[in-house]
*Asks:* 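To start, I am sharing the structure in question, which I have written as structure tokens.
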Amino acid sequence: MTRTPLYEGKAKILFEGPEAGLIIQYFKDDATAYNAQKKDSISQKGVLNNLISAHLLPALGAIGIPHHFVERLNLREQLVKQVEIVPIEVIVRNVAAGSICSRLGLTEGEALPAPLIEFCLKDDALGDPVVAREHITVLGYADDDELDEIVYLTEKINDFLTGLFFAIGVRLIDFKLEFGRLESEDGYEIILADEISPDNCRLWDSQTNEKMDKDRFRRDLGGLVEAYSEIAKRLGLNIEFEANS
Ligand code: UDP
């Protein structure tokens with residue numbers, strides 16, 4: 001079947017879905033870092049992210065988080081509800097790592113006194129700059145009510161995912177979320193969109209602090225597919241790889 005592409009991002013392609021209001025998310029093997037200055041293709045990465053995200057979003061749904069996931073269609077694709085993406089990346093940090101260390105002089109691995117939520121403008125040309133809530137409301141990217149809802153959902157998601165990963169011997173260091181506006185009869189609703197996978201979470205083994213996420217690519221550590229597979233395995237997922245990929 002030929003599909004009409006709607007949008008191609010760094011790690012996924014969105015295709016027109018089987019009916020209005022639904023689209024298909026196709027997970028590529030492409031890996032990028034440092035605002036796409038570093039690029040590669042890592043065989044089977046997309047398959048693993050599709051599998052892991054298709055597990056985590058429904059798990060969040062079970063605790064009442066509204067999300068866009070409908071069903072996994074095959075190894076690389078999932079059906080999702082079409083939303084208007086809020087152009088803000090919501091970063092949650094439990095432990096200092098990555099960009100916050102150089103930006104604020106923190107030491108990687110330092111536990112933060114409380115979970116920290118940061119907002120970044122989704123704009124590759126500007127390098128996804130950190131923005132304050134006031135930038136978002138004054139410049140019209142989202143309004144106060146939407147941001148209140150996003151923060152409420154994000155705190156619940158962090159609590160739930162921290163526990164879920166703790167139970168499988170993994171520390172949830174930080175992660176990125178994206179939200180969208182889903183049209184409904186009486187207006188619209190803010191729902192969780194995009195993906196939750198080791199591509200947009202930092203996950204460290206609880207015993208050894210070994211990195212089990214995209215930092216394996218960012219920092220040339222190797223073993224990315226093995227690490228993502230280990231996450232999928234600990235989540236109890238049945239890993240199936242694509243032939244000849
Ligand atoms: N992140 C992401 N996409 C981005 C920026 C960050 O998924 O465009 C995730 C990243 O994987 C990490 C968290 O958000 O889990 C915090 O990332 P950070 O700001 O430290 O940026 P990085 O070190 O990735 O440049």
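Numbering of ligands and ligand atoms starts at 1, following listing order.
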*Asks:* Same cluster or not: Phe179 versus Ile136, using hydrophobic residues (I, L, V, M, F, W, Y) connected whenever any side-chain heavy atoms lie under 4.5 Å apart?
*Replies:*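 Yes; Ile136 is reachable from Phe179 via cluster members.
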*Asks:* Any idea which heavy atoms bring Lys156 and Ile63 closest together, and the distance?
*Replies:*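 So the minimum-distance heavy-atom pair works out to NZ-O, 3.7 Å.
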*Asks:* Under 4.0 Å from a heavy atom of Ile91: give me the atoms of ligand 1 that qualify, with their elements.
*Replies:*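 Per the distance check, 6 (C), 14 (O), 16 (C).
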*Asks:* Decide whether the shortest distance between a heavy atom of Glu118 and an atom of ligand 1 is less than 4.0 Å.
*Replies:* no
*Asks:* With a 4.0 Å cut-off on heavy atoms, is Ile173 in contact with ligand 1?
*Replies:*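 No heavy atom of Ile173 comes that close to ligand 1.
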*Asks:* Just to confirm my output: which protein heavy-atom neighbour is closest to atom 1 (N) of ligand 1, and how far is it?
*Replies:* Lys176 CB, 3.7 Å
*Asks:* Can you spot which of Asp199, Asp213, Asp194 makes a salt bridge (charged side-chain N to carboxylate O under 4.0 Å, His left out) with Lys176?
*Replies:* Asp194
*Asks:* Examine Ser99 against ligand 1 and note whether any of their N/O atoms are separated by less than 3.5 Å.
*Replies:* yes
*Asks:* For Ala97, counting its heavy atoms only, list the atoms of ligand 1 lying under 4.0 Å from any of them.
*Replies:* 20 (O)
*Asks:* At what distance is the nearest protein heavy atom to atom 17 (O) of ligand 1, and which residue and atom is it?
*Replies:* Arg202 NH1, 3.5 Å
*Asks:* Nearest heavy atom to atom 19 (O) of ligand 1 wins, so pick from Lys214, Lys10, Arg93.
*Replies:*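 Considering heavy atoms of Lys214, Lys10, Arg93, the nearest to atom 19 (O) of ligand 1 sits in Arg93.
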*Asks:* Looking only at protein heavy atoms, which one is nearest to atom 8 (O) of ligand 1, and what is the separation?
*Replies:* Glu89 OE1, 3.1 Å
*Asks:* Give a yes or no on whether Glu110 atom CD has more than 12 heavy-atom contacts from other residues, nucleotides or ligands under 6.0 Å away.
*Replies:*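 Enclosed: over 12 neighbouring heavy atoms sit under 6.0 Å from CD of Glu110.
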*Asks:* Would you mind listing which atoms of ligand 1 come within a distance below 4.0 Å of any non-hydrogen atom of Asp128?
*Replies:*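 Here the atoms of ligand 1 in question are 8 (O).
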*Asks:* At what distance is the nearest protein heavy atom to atom 11 (O) of ligand 1, and which residue and atom is it?
*Replies:* Arg218 NH2, 2.8 Å
*Asks:* Applying a strict 4.0 Å limit to heavy atoms, is Ala33 in contact with ligand 1?
*Replies:*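 Contact absent.
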*Asks:* Quick test: of every protein heavy atom, which one is nearest to atom 7 (O) of ligand 1, and how far off is it to 0.1 Å?
*Replies:* Asn200 CB, 2.9 Å
*Asks:* Where is the nearest protein heavy atom to atom 12 (C) of ligand 1: which residue, which atom, and how far?
*Replies:* Asp174 OD1, 3.1 Å
*Asks:* Looking at Phe217, I'd like to know if the NZ or CZ of Lys38 sits under 6.0 Å from its six-membered ring centre while staying within 45 degrees of the ring's axis.
*Replies:* yes
*Asks:* In terms of atom number and element, which parts of ligand 1 are under 4.0 angstrom from non-hydrogen atoms of Gly98?
*Replies:*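 Numbered from 1, ligand 1 contributes 20 (O), 23 (O).
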